[in-house]
Amino acid sequence: MEIIVCVKQVPDTTEVKIDPATNTLIRQGVPSIVNPYDKYALEAALQLKAKHGGQVTVISMGPPQALEALKECIAIGADRAVLLSDRSFGGADTLATSYTLAAGIRKLGRFDLILCGKQAIDGDTAQVGPELAEQLEIPLISHVAKIDLEGERVTVEREQEESYAVINAPLPLVVTVTKAAYKPRLPNMKGIMRAKRTEIPVYTMADLDVDEQKLGLKGSPTQVRRIFAPKQRVQGQIIDADSPQQAATKLVEKLLESKII
Ligand SMILES: Cc1cc2nc3c(=O)[nH]c(=O)nc-3n(C[C@@H](O)[C@H](O)[C@H](O)COP(=O)(O)OP(=O)(O)OC[C@H]3O[C@@H](n4cnc5c(N)ncnc54)[C@H](O)[C@@H]3O)c2cc1C
């Protein structure tokens, strides 16, 4: 069983602040982390490996510092890792990102199951997994809360708005993972030592069978034109009243006045 987990290094968005003078994100000093949903995907892969055997490979596209994220995944329990890094990959939107990842995955050779996070907490699009399936011409199941394997087929629980769908499907497959059933394990000392010793190969454009025009900024049909902080919400109002009944009446009046109800 060859499982590939796509992992993105992201800024810890809980730490990102907005510069009130320039209205831009202050990224300096913000720690980079493994995208949390990718940690759930890695946990799902490690549980499948524990039950059914095989090999778990993590792959990332990003700048050289993304090696740290891959080392963390090795420390947690992945067997091997590969980084796709080249200046020509920079400025990629989701189409160019999934194109490059698909080329990297083809270069790795055989795979049975590809796991992605549901979404990255910085870009937040949730598009790379589905686009990757399209590029590799294999089926996709998204928003998966739990995944089990029997022979050459998986059974998954897919999160829907008010229910779960249980889907049975043959491999190979791309699956995007939510957090429902998975609590990522922490690296242990043995893992950390192994990660230190592990050499992670870096594939550049020259190593991949790709069309340069489809990479990075050149290969991106979308471009971010402007980034700005959302407007501050209007201050809340506290309703002054002598009794809960009076407060409720005043609230309803205000809501009617503002045409909210
Ligand atoms: C501040 C900011 C500025 C940006 N500026 C531009 C710009 O100027 N031009 C432009 O075209 N795009 C820009 N982007 C978007 C672009 O870089 C996306 O972040 C990228 O294409 C991936 O999309 P996503 O983050 O929405 O991932 P999602 O689709 O939400 O990710 C889903 C899953 O796909 C996998 N995945 C995603 N990315 C990778 C990766 N690199 N390596 C391995 N696995 C991955 C992970 O498993 C992840 O959980 C910007 C993004 C941000 C946050």
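For ligands, and for the atoms within them, numbers begin at 1 and follow the listed sequence.
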Are side-chain N/O atoms of Asp79 and Gln55 paired as donor and acceptor at under 3.5 Å?
no
Looking at atom 40 (C) of ligand 1, is any protein heavy atom nearer than 4.0 Å to it?
yes
Is Tyr37 close to ligand 1, meaning an N/O of one under 3.5 Å from an N/O of the other?
no
Considering only protein heavy atoms, determine whether one is less than 4.0 Å from atom 52 (C) of ligand 1.
no
Geometric N/O contact Gln127 with ligand 1, under 3.5 angstrom:
yes
For a quick check under 3.5 Å, do Glu131 and Gln135 share a side-chain donor-acceptor pair by atom type?
no
I'd like to check whether Ile227 has a polar contact with ligand 1, where a contact means an N/O of the residue lying under 3.5 Å from an N/O of the ligand.
no
Does any N/O atom on Cys116 come nearer than 3.5 Å to any N/O atom on ligand 1?
no
Which is closest to atom 6 (C) of ligand 1 in terms of heavy atoms, Val224, Leu95, Leu83?
Val224
Within 45 degrees of the axis of the six-membered ring of Phe89 and under 6.0 Å from its centre: does Arg87 put its NZ or CZ there?
no
Answer yes or no: does an N/O atom from Cys6 fall short of 3.5 Å to an N/O atom of ligand 1?
yes
Heavy-atom nearest neighbour of atom 28 (P) of ligand 1 within options Ala126, Gly123, Gly129
Ala126
With atom 42 (N) of ligand 1 as the reference point, say which of Gln119, Lys118, Met61 has the nearest heavy atom.
Met61
At under 4.0 Å between heavy atoms, is it the side chain or the backbone of Asp122 that contacts ligand 1, or both, or neither?
both
Could you work out, for atom 36 (N) of ligand 1, the closest of Val128, Thr176, Val177 by heavy-atom distance?
Val128
Going by heavy-atom distance to atom 27 (O) of ligand 1, choose the closest among Gly216, Ala120, Gly219.
Ala120
Identify the protein heavy atom lying closest to atom 48 (C) of ligand 1, giving its residue, its atom name and the separation to 0.1 Å.
Asp38 OD1, 3.4 Å
Applying a strict 4.0 Å limit to heavy atoms, is Ala92 in contact with ligand 1?
yes
Proximal ligand 1 atoms for Gly91, defined as those under 4.0 Å from one of its heavy atoms:
9 (N), 10 (C), 11 (O)
Is there at least one pair of N or O atoms, one from Gly117 and one from ligand 1, spaced under 3.5 Å apart?
yes
